[in-house]
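What follows is a single structure, written as C-alpha cells, with notes after it.
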Amino acid sequence: MAITTEPPRSTNATGASNIPPPPAPPSAATLEIKNPATGELVGSVPVMSAAEVDQAVARARAASTEWGALSHAERGTELGKFRRAIAESCDDLAELIHRENGKPRLEALVEVLMALSHLDHAIKRAEKAMAPKKVSSGIMANYRATVGYFPLGVIAVIGPWNYPIFTPMGSIAYALAAGNAVVFKPSELTPLIGVRLAEIAARTIATPHVLQVVTGAGATGAALSKSTVDKIAFTGSTATGKRIMAAASERLTPVLLELGGKDAMIVADDADVDKAAEGAVFGALTNAGQACVSIERIYVVDAIYDRFVAKVVDEVRALKVGGDDGHLGAMTSLAQVAIVKDHLQDAVARGAKVLCGGPDAISGNYIQPTVLVDVTQDMKVMKEETFGPVVPIARVSSVDEAVRLSNDSKYGLGSSVWGKHAVRELANRVKAGMTSINSVVAFAGITSLPFGGVGESGFGRIHGDEGIREFTRTKSTAEEVFSLPLAVTSFKLPKNAYERVRGLIQTLYGGGLVARAGDAWRKIF
Ligand code: NDP
C-alpha cells in the first residue's frame with residue numbers, strides 16, 4: 001500500500017506513512033490529493049478495494065478484543081500517549097490540513113485544538129459515562145435492576161472534508177475511549193490527515209490496529225458500510241447519509257448520522273446589534289462557510305434590521321480572502337464552488353439584492369464573502385445547504401415570524417438566537433438539536449454537550465456522555481435478591497393468584513389506599 005505525502009514547497013518534508021501493510025495485494029489505483037489553493041500535489045493514497053476494507057475490519061475485530069478488555073485506566077494511559085503525540089505534531093498536522101483542505105493555517109490549528117479537547121474529554125469521562133447504574137425495580141421490588149454499558153466492538157467512522165481532523169475525532173475519540181476499535185474512512189479530498197492519525201496511533205497505542213484508516217472514494221466508504229462493523233458513524237451530506245443507512249439495513253448495522261444543516265439565526269429587537277452582527281459574520285463565514293453548523297440564514301426583527309445589515313456589511317468588507325493572513329481560505333472543491341454559485345444566481349434571479357460579493361465575485365476556488373438581502377424562503381439559499389461564504393439576511397415583523405420561518409426547514413442541526421428578554425424561551429422554540437444563545441457555534445466547542453440534529457440533519461449524538469454511550473451496547477440485568485410468594489416468573493402460583501393480581505392493580509393504580517396516599521403526597525409537594 002503506497003501512501004505518499006509530497007513535501008510542501010515552502011516547509012520541511014512531512015515524510016511518508018509507515019502504517020503496517022495489509023496482506024491483500026496492493027491497490028493499483030491511487031488518489032492524488034491537490035492543494036485547492038495552489039493546485040500543487042500534496043500526496044497520494046491507494047484506492048482500497050472491498051477486500052482490503054474487509055481485512056482492515058478483521059484486524060480491527062481482533063484488536064477490539066484486547067482493547068475492550070482493558071480497564072478504563074489502561075485505555076486512558078494509551079490514549080493519553082496518542083493525545084500527547086498529536087499535540088506534539090500540531091504544527092505538522094495544521095500544515096497538512098491547510099494544504100489538503102485549503103483553509104488558513106490558523107483555522108487548521110484551531111481545528112487540531114478542538115480535536116484534542118474532545119479526545120481529552122472522552123479519555124476523562126469514559127469511566128463515569130459507562131459506570132453501571134442501579135435503577136428502580138418498580139413493582140418487581142424483590143429484584144436489583146442495573147444498566148451496564150459495554151463496547152460494541154468495531155466502529156466505522158466515515159468523515160467529511162470540511163474539518164478533516166475535528167469532525168472525525170468527534171466520533172473516533174469517543175468510540176476508542178468506550179473500548180472499541182475504529183476503521184476510519186476519510187473523504188477522498190482530505191485523506192492524508194486520516195493516514196497521519198492512524199500512523200500516530202500505530203506508534204503510540206500498544207494495541208495494534210486499534211485505529212486504522214482505509215482510503216479511497218465513495219466506493220471504499222460503501223464497502224465499509226456493508227462490512228461487518230458494529231456501528232457506522234457518518235458525517236457528511238444528507239444524500240450520502242441516506243445511502244449509508246440503506247446499505248446498513250442489510251445487516252441491521254446501527255448508524256449515527258451527522259448530516260447537513262441550514263442553521264437559522266434569529267435577532268430579536270432587544271439584541272446587542274453590534275455583537276449579533278459580529279457573531280453572524282463569524283458564524284456564516286468561518287471555514288469559508290463550509291461547516292455543518294454554519295449560520296446559513298438570518299432573520300432580523302424590523303426595528304433593528306437596517307442597523308444590523310449595515311454593521312454586517314462593514315464587517316464583511318473588512319475581511320481578507322486568501323493569503324497567509326487571510327480570514328477566508330480557498331474552497332476545498334470546485335464542485336462546492338459550483339453549488340454556491342448556483343445558489344447565488346438563483347437568489348439574484350428571484351429578486352435578492354447583493355450588498356457585497358455575489359455570483360460574479362468568484363475566481364477559481366476563491367469566493368468573496370457575499371451578503372444578500374431581500375431574500376425569500378423559496379430561494380435555494382434559504383432552503384438548501386449552501387456550504388459556502390454567504391450571509392443571507394431576511395427582515396421579519398416579529399420574533400414569532402422568525403421562529404416560524406426558522407422551523408420551516410427539513411433540517412434541524414444548530415441555531416443561534418440573540419436578545420435579552422425571554423431569550424432562553426426563544427431558544428427552546430427553535431426546532432434544532434443545538435442552539436447558541438447570544439453566540440454562534442459555541443455548542444460545538446463545549447465537549448460535554450451532545451452534538452447532533454433532528455429531521456434530515458440526522459440522529460444520534462456525538463460528544464459528551466451521550467457521545468460515549470453511542471458507542472456502547474446497553475445491557476440490562478435483573479437479579480432476584482429475595483423470593484416472594486407471588487412470583488411472576490413461575491407457573492407455581494397460589495390458587496387465588498387472579499384475585500391477588502387484581503387487588504394489586506387496584507391498590508397501586510386504581511384509587512386504592514397506596515394510590516390515594518401517593519396522590520395526596522403529590523398534591524402537598
Ligand atoms: P459526501 O456526503 O458525499 O461525503 C462524505 C463522506 O462519505 C466522504 O468520506 C465520502 O467519500 C463518503 N461517501 C461517499 N459516498 C459514499 C457511499 N455511498 N457510502 C459510504 N460513504 C460514502 O459529501 P461530499 O463531499 O460529496 O459533499 C457534498 C455535500 O455534502 C456538500 O455540498 C455539503 O452540502 C455536504 N456536506 C456536509 C457536511 C457536514 O458536516 N454536514 C460535510 C461535508 C459535506 P468520498 O469523499 O471519498 O467520496
Side-chain angles (χ1 to χ4, degrees), residues 29-33 36 45-48 50 53 100-101 111 156-171 183-195 213-227 229 232-250 253 255-263 286-294 296 331-343 367 380-381 383-388 390 410-414 433-434 441 444 451-453 455-459 462:
T30 56
L31 273 176
E32 289 194 335
I33 294 88
V45 292
V47 176
M48 290 190 182
V53 169
E100 69 173 347
N101 166 284
E111 212 195 301
V157 175
I158 303 179
W161 43 263
N162 54 337
Y163 288 95
I165 190 168
F166 167 54
T167 296
M169 191 61 98
S171 295
V183 180
F184 171 37
K185 157 66 180 69
S187 164
E188 66 184 296
L189 300 177
T190 56
L192 295 171
I193 198 75
V195 169
V213 70
V214 290
T215 53
T220 307
L224 186 58
S225 45
K226 287 186 194 145
S227 73
V229 295
I232 303 167
F234 170 75
T235 308
S237 64
T238 298
T240 305
K242 287 178 182 177
R243 277 198 288 275
I244 286 176
M245 192 165 163
S249 72
E250 280 180 35
T253 308
V255 291
L256 181 160
L257 300 176
E258 293 298 334
L259 308 177
K262 192 71 199 165
D263 290 11
T286 183
N287 212 35
Q290 302 165 106
C292 52
V293 290
S294 287
E296 291 236 343
M331 297 289 287
T332 305
S333 80
L334 284 173
Q336 197 60 45
V337 173
I339 293 171
V340 178
K341 187 167 187 168
D342 174 52
H343 284 201
I367 303 179
K380 285 183 184 176
V381 84
K383 264 196 325 204
E384 296 172 19
E385 191 174 36
T386 305
F387 229 61
V390 182
K410 61 184 178 181
Y411 294 112
L413 193 55
M434 301 159 296
V441 305
F451 184 104
E456 294 212 5
S457 292
F459 50 80
I462 52 172

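Remember, it's 1-based here, ligands and their atoms both numbered in the order they're listed.
At least one N/O-N/O distance between Ser237 and ligand 1 falls below 3.5 Å. Between Ile244 and ligand 1, a contact under 3.5 Å exists for no N or O pair. Remark: ligand 1 and Pro160 share no N or O pair separated by less than 3.5 Å (distance only, no angle test). When only interatomic distances are considered, the shortest N/O to N/O separation between Gly216 and ligand 1 falls below 3.5 Å. Residue-to-ligand polar distances keep Glu258 apart from ligand 1: every N/O pair is separated by 3.5 Å or more.
Looking at Glu296, its side chain never comes within 3.5 Å of a backbone N or O of Val381 through a donor-acceptor pair. Counting only distance, with no hydrogens or angles, the side chain of Glu385 and the backbone of Gly261 share a donor-acceptor pair below 3.5 Å. Under the 3.5 Å distance criterion, the side-chain polar atoms of Thr190 are left unmatched by any main-chain donor or acceptor of Pro164. Remark: side-chain polar atoms of Glu250 are not paired, donor with acceptor, to backbone N or O of Lys226 under 3.5 angstrom. Distance alone, capped at 3.5 Å, places no donor-acceptor pair between the Asn101 side chain and the Tyr163 backbone. Within the 3.5 Å criterion, the main-chain N or O of Pro46 finds a donor-acceptor partner in the side chain of Thr215. A donor-acceptor pair is defined here as one N or O able to donate and one able to accept, closer than 3.5 Å; no such pair exists between the side chain of Gln336 and the backbone of Ser333. At least one donor-acceptor pair closer than 3.5 Å links the side chain of Ser294 to the backbone N or O of Gly289. Proximity of a side-chain donor or acceptor of Glu100 to a complementary backbone N or O of Leu192 within less than 3.5 Å is detected.
Ranking protein heavy atoms by distance to atom 7 (O) of ligand 1, first place goes to Phe234 CE1, 3.2 Å. Annotation: atom 20 (C) of ligand 1 to nearest protein heavy atom, Gly221 C, 3.1 Å. In this structure, the protein non-hydrogen atom closest to atom 1 (P) of ligand 1 is Thr240 OG1, 3.4 Å. Nearest protein neighbour of atom 17 (C) of ligand 1, counting heavy atoms only, is Gly218 O, 3.7 Å. Here the protein heavy atom with the shortest distance to atom 33 (C) of ligand 1 is Glu385 OE1, 3.5 Å. The protein heavy-atom contact nearest to atom 24 (P) of ligand 1 is Trp161 NE1, 3.6 Å. Protein heavy atom closest to atom 40 (O) of ligand 1, with residue, atom name and distance, is Cys292 CB, 3.2 Å. Distance from atom 32 (O) of ligand 1 to its nearest protein heavy atom, with residue and atom name: Gln336 OE1, 2.6 Å.
Of all atoms in ligand 1, listed by their number and element, those nearer than 4.0 Å to a heavy atom of Asn162 are 40 (O), 42 (C). Remark: ligand 1 atoms within the under-4.0 Å shell around heavy atoms of Gly260 are 41 (N). Below 4.0 Å from some heavy atom of Ile158 lie the following atoms of ligand 1, by number and element: 6 (C), 7 (O), 9 (O), 12 (C), 21 (N). Close contacts of ligand 1 with Gly159, meaning ligand atoms under 4.0 Å from a residue heavy atom, involve 6 (C), 8 (C), 9 (O). Those atoms of ligand 1 that come under 4.0 Å of a heavy atom in Leu259, given as number and element, are 41 (N). Shown in contact with Ile339 at under 4.0 Å from a heavy atom are these atoms of ligand 1, numbered in order with element: 32 (O).
Among Thr30, Ile33, Val213, the single residue meeting the side chain to side chain contact (heavy atoms under 4.5 Å, CB included) criterion with Val45 is Ile33.
Per-atom contact check: atom 36 (N) of ligand 1 touches the protein, criterion being a heavy-atom distance below 4.0 Å.
Remark: distances from the non-hydrogen atoms of Pro186 to ligand 1 include one below 4.0 Å. In this structure, Tyr163 has no heavy atom closer than 4.0 Å to ligand 1.
Atoms CD1 and CG, from Ile158 and Leu224 in turn, are 5.0 Å apart once rounded to the nearest 0.5 Å. For the atom pair Thr332 OG1 and Gln290 CD, the distance stands at 4.0 Å (nearest 0.5 Å).
If you check the side chains of Lys262 and Thr386, you find a donor sitting under 3.5 Å from an acceptor.
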